[in-house]
Structure formats: C-alpha cells, structure tokens
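From a predicted model like this one, the values you see are computed outputs, not experimental measurements. Chain A is the first sequence line, chain B the second, and so forth, proteins listed ahead of strands; every chain is numbered from 1.
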Amino acid sequence: MNHPDSIPLSVILEPLVFSDIVTGCQDMVYNAVLGIIQNETEAEDITQDVFVQVYEGLDEFRNESKLSTWIYRIAISKALDFEKKKKRQKNGGFLKKIFSGAAEEEAVSFNHPGILLDKKDDARILFAAMNKLPEKQRIAFMLHKLEGLNYQEIADVMHLSLMAVESLQVRAKNRLKELLKTYYTTHFK
Amino acid sequence: MNQEELDPSIDRVLNSFDGAEKAKPQPYILTRIQSRLNARATAGFWGKTSAFLSRPIVAGLGLFVFILVNIFVLANNPNPKTPASMATTTVSNYEFAIQVSSLYDIENQEP
C-alpha cells in the first residue's frame with residue numbers, strides 16, 4: 001500500500017485511491033481527534049466526518065502542502081469545532097455546571113488506549129491538565145507528544161512559524177508544570 | 001509534599017505519553033465512511049436544502065434578515081395610516097352601514 005503523501009495529485013482524485021488514503025491515515029486522524037476530544041465514540045464519529053470532508057474537498061487540495069498535513073488540519077479543525085459545540089451545549093445547563101463540575105470529572109477520567117499500562121494514571125492527570133491550556137498551546141503540545149510530530153511539521157499543520165511553535169511548546173510546558181504543581185500540592189499535602 | 005518530591009512527580013507526568021502507541025479506530029471504518037458518502041449522495045435536492053437551512057447559522061441569519069426587512073418596511077412606509085385618517089374611514093363606514101337583523105328579529109316580526 002502506498003503512503004498517502006507519496007501519491008501524485010492526479011492519482012489521488014481517482015476514487016479507488018481514496019480507500020488507500022483512509023487506510024493510510026485513519027490511525028493518524030483518529031489519534032489526533034482522540035487527543036483533543038478525549039472520548040472514543042465521539043472521536044470515531046468525527047474521524048468519519050473528516051474523511052467525508054477529505055473526499056469532498058480533494059478537488060480543492062492544491063498539493064501546496066503534504067496530503068497528511070492537509071488532513072491533519074481538517075481533523076484538528078473538526079475536533080475543535082465539535083469541542084466548542086459541546087461546550088456551548090454544556091453552558092446551556094449553566095446551573096448544573098456550577099453545582100456539579102461535571103466537565104472536570106469527565107476530563108480526569110479519560111483513559112487513552114495507546115498509553116503504556118504503567119503510565120496510565122500519570123497520563124490521566126496530564127490529559128486533565130492539558131485541558132486547562134490555551135487552545136494553541138494544547139494542540140502544539142498534543143501534536144508533539146502524542147502524535148510525535150516534529151516542530152516543523154507542527155508549524156505546517158498549524159500555519160505558524162517554527163519560532164512560534166517553539167514558543168508555544170515552552171509556554172505549554174511551563175504552564176503544565178505550574179498546573180501539576182498546584183495539583184500535587186492540593187491533593188498530596 | 002516538598003519541592004524535592006514534587007519535581008520528579010511532575011517530570012514523570014509530563015513524560016507519561018512517551019512510548020504511547022497510536023490509538024486505533026474500530027474496524028470497517030472505510031465501509032462506514034462509504035455508507036456516509038452514499039447517504040449524502042442520495043440525499044437529493046430537498047434533503048440537502050433542508051440540511052442547509054437547518055444549520056443554526058443559516059437559520060439565525062434568515063431570522064435576522066426577516067426582522068431587518070420588517071424594520072426597513074416600517075421605517076420607509078411612504079403612505080402610513082395615521083390615526084386621523086383611520087378615524088375618517090371608520091366614520092364613513094358607519095354612514096353606509098346596513099342594519100343587520102338577527103335571527104330573532106326575522107322570526108318574530110311585529111305587525
């Protein structure tokens with residue numbers, strides 16, 4: 001099977017090649033979406049939406065960036081849209097949110113299936129802390145740590161300069177350290 | 001917890017994604033995507049139109065335009081009916097009014 005980035009644009013537009021794109025990128029898309037949404041069922045649904053948009057938008061893909069970069073962009077924007085929509089729905093139950101703090105509990109309990117068994121508890125704490133980061137810092141950190149992208153690839157996906165990505169990573173790490181320090185000092189006095 | 005104990009714990013949490021494998025979606029995702037694409041293709045004109053109109057932003061924009069048109073029409077009405085002209089109309093209507101009898105009057109006519 002060809003890697004999606006190695007397929008020429010003229011060939012990509014043939015319907016049969018679409019199945020190659022799905023097979024080659026499904027784990028990448030699902031993993032990125034799952035890192036943002038932190039819910040397996042919803043992540044799967046969004047993954048399908050992403051590929052529907054990829055199929056419908058293939059004509060507009062101009063080969064200016066790598067196919068995987070373009071698909072990453074669609075996946076991240078879909079996941080963020082979904083997250084915003086979900087937050088808006090939760091804000092509808094304003095009183096419920098104030099008294100129960102349900103959103104916090106849900107985030108803490110997320111268990112990523114790809115994390116090593118002995119690191120699962122720590123990863124759960126890290127996911128909860130990541131949710132408190134500003135959006136760009138969170139995406140940059142997630143793409144680097146969970147997706148394994150280097151800074152240049154992250155810069156391409158996020159339409160940012162290399163310097164901006166480096167700065168985002170440093171700020172994300174520092175903020176996470178602060179958040180984790182607060183977590184440990186309040187939970188383990 | 002003092003600083004010496006804290007730092008290793010924080011580093012351990014920050015590095016907890018190391019060695020993580022990519023999560024995999026359920027099998028047959030391609031089949032499900034294809035069925036979604038087929039459903040969209042067979043939705044037809046009315047299906048697509050209703051889906052488009054039911055988008056919150058489109059519906060909201062439509063309502064906004066509707067209200068705006070109403071305000072525009074009310075503000076720019078060239079021949080508004082003032083209360084005085086309405087009163088004249090009412091008076092002339094009374095002048096030409098025909099007394100309508102009720103069923104009781106018709107059945108019990110006095111000689």
Check A/Leu179 against A/Ala129 and note the closest heavy-atom contact, atom names and distance.
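Closest pair (atom of A/Leu179, atom of A/Ala129, distance): CD1-O, 3.5 Å.
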Closest heavy-atom pair and its distance - B/Phe17, A/Lys145:
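Closest pair (atom of B/Phe17, atom of A/Lys145, distance): CD1-CB, 3.7 Å.
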Just checking, is any N or O donor in the side chain of A/Gln152 or A/Asp156 under 3.5 Å from an acceptor N or O on the other one?
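A pair is found: one side chain offers a donor N or O, the other an acceptor, under 3.5 Å apart.
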A/Lys120 side chain to A/Ile115 main-chain N or O, any donor-acceptor pair under 3.5 Å?
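Indeed, once roles are kept as given, a pair shorter than 3.5 Å links the two residues.
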B/Ile57, CD1: over 12 other non-hydrogen atoms inside 6.0 angstrom:
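Open: at most 12 neighbouring heavy atoms sit under 6.0 Å from CD1 of B/Ile57.
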For chain A, the option from B/Gly19, B/Ala23, B/Pro56 that forms the most heavy-atom pairs under 4.5 Å
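Of B/Gly19, B/Ala23, B/Pro56, B/Ala23 has the most heavy-atom pairs under 4.5 Å with chain A.
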Report the option among A/Asp49, A/Asp121, A/Leu34 that has the most heavy-atom pairs separated by less than 4.5 Å from atoms of chain B.
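Top option by heavy-atom pairs under 4.5 Å: A/Asp49.
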Please determine, among A/Glu147, A/Lys173, A/Glu40, the option with the most heavy-atom pairs under 4.5 Å with chain B.
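The answer is A/Glu147.
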Side chain, backbone, both or neither: which part of A/Leu126 has an atom under 4.5 Å from a heavy atom of chain B?
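For A/Leu126, heavy atoms of backbone and side chain both lie under 4.5 Å from chain B.
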Between A/Val52 and chain B, with a heavy-atom cut-off of 4.5 Å, which part of the residue counts as in contact: side chain, backbone, both or neither?
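Both backbone and side chain.
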With only heavy atoms counted, which part of B/Asp18 is less than 4.5 Å from chain A, the side chain, the backbone, both or neither?
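Contact with chain A: backbone and side chain both.
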